[in-house]
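All remarks here apply to the structure that follows.
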Amino acid sequence: MDKDLISRIIDLRESRNWTQKDLADKMGFNKVTMNKIEHGNRNITNSELAKFADIFEVTTDYLLGKNSTPVWANEKDTNDLEKFLTDNKGSMTYGGEDLTEEEKEQVRVAMTTIFWKRHKHD
């Protein structure tokens with residue numbers, strides 16, 4: 001199973017302070033099934049993927065890692081954050097040391113996640 005998909009489901013669940021049982025109930029699963037999904041021991045069907053997207057109010061592309069923009073974000077939100085991250089990509093350091101490309105991508109993902117979580121509830 002796709003580890004990015006699993007990570008996004010777990011992150012979205014935890015950002016709402018839901019337990020595995022809470023999400024399982026919303027999906028119509030039992031807790032064991034939800035646990036298997038989160039541990040990569042059970043595949044997600046296309047219809048289940050669509051249901052996860054509906055429950056979390058994101059696109060299936062977001063869950064699959066094809067984009068990092070939640071469905072509710074408007075164009076201005078996307079452009080402003082994207083411009084900031086693009087403008088500052090070359091100057092990312094930590095403790096005076098340049099970040100690797102992988103670390104820069106992790107910072108971009110983290111900042112995007114923080115931004116969306118903060119603005120989702122505004």
Side-chain angles (χ1 to χ4, degrees):
M1 171 146 2
D2 184 343
K3 290 182 190 242
D4 288 337
L5 171 59
I6 294 168
S7 293
R8 285 181 189 253
I9 289 171
I10 293 169
D11 288 345
L12 288 164
R13 176 179 62 75
E14 289 177 346
S15 74
R16 287 159 175 75
N17 295 315
W18 293 346
T19 64
Q20 280 186 347
K21 182 174 181 339
D22 294 334
L23 182 53
D25 289 346
K26 293 175 187 310
M27 288 293 297
F29 297 150
N30 60 40
K31 184 180 180 290
V32 172
T33 300
M34 195 66 241
N35 187 282
K36 285 182 179 181
I37 288 171
E38 288 193 4
H39 284 91
N41 298 322
R42 182 187 177 281
N43 288 326
I44 297 171
T45 67
N46 288 337
S47 62
E48 291 168 347
L49 179 68
K51 190 168 182 178
F52 276 118
D54 287 344
I55 288 170
F56 289 125
E57 299 177 331
V58 297
T59 63
T60 55
D61 279 353
Y62 175 78
L63 287 175
L64 294 170
K66 293 181 180 178
N67 72 48
S68 57
T69 307
V71 69
W72 50 262
N74 65 39
E75 188 175 345
K76 183 178 183 300
D77 290 335
T78 303
N79 291 339
D80 289 351
L81 180 62
E82 188 63 35
K83 181 177 180 346
F84 173 81
L85 292 172
T86 301
D87 290 351
N88 292 285
K89 186 174 183 179
S91 63
M92 290 187 193
T93 62
Y94 184 81
E97 299 287 323
D98 287 338
L99 299 181
T100 65
E101 287 305 311
E102 181 181 343
E103 290 167 334
K104 288 176 187 177
E105 178 62 14
Q106 290 172 345
V107 168
R108 187 190 67 73
V109 169
M111 288 182 70
T112 301
T113 301
I114 291 165
F115 176 83
W116 296 138
K117 283 180 185 177
R118 193 185 94 195
H119 288 279
K120 167 74 173 162
H121 305 292
D122 284 354

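From a predicted model like this one, the values you see are computed outputs, not experimental measurements. Along the sequence shown, residues are numbered consecutively beginning with 1.
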Evaluate the side-chain contact (heavy atoms from CB on, under 4.5 Å) criterion for residues V32 and N35: first the C-alpha distance (whole Å), next the side-chain angles of each, then the deciding distance (0.1 Å), finally the verdict.
CA-CA 5 Å; V32 172; N35 187 282; 5.6 Å; no

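- A donor-acceptor contact shorter than 3.5 Å links the side chain of R16 to the backbone of F56.
- Tested against L63, the residues I6, L5, D4 include a single side-chain contact (heavy atoms from CB on, under 4.5 Å) partner, L5.
- The shortest side-chain heavy-atom distance between M34 and R13 does not fall under the 4.5 Å cut-off.
- To the nearest 0.5 Å, the span separating CD1 on I9 from CD1 on I55 amounts to 10.0 Å.
- Rounded to the nearest 0.5 Å, atoms CE (M27) and CG (D54) are 9.5 Å apart.
- Checked against salt bridge (charged side-chain N to carboxylate O under 4.0 Å, His left out), E48 has the following partners two or more places apart in sequence or in another chain: R42.
- Annotation: side-chain contact (heavy atoms from CB on, under 4.5 Å) contacts of D22 (sequence neighbours excluded): W18, T19.
- Separating the CD atom in Q20 from the CD atom in E14 is a distance of 9.0 Å, to the nearest 0.5 Å.
- Residues satisfying the side chain to side chain donor-acceptor pair (under 3.5 Å) test with K21, not counting sequence neighbours, are D25.
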What do the steps show when you test L23 against L12 for side-chain contact (heavy atoms from CB on, under 4.5 Å), and what is the final call?
CA-CA 10 Å; L23 182 53; L12 288 164; over 6 Å; no

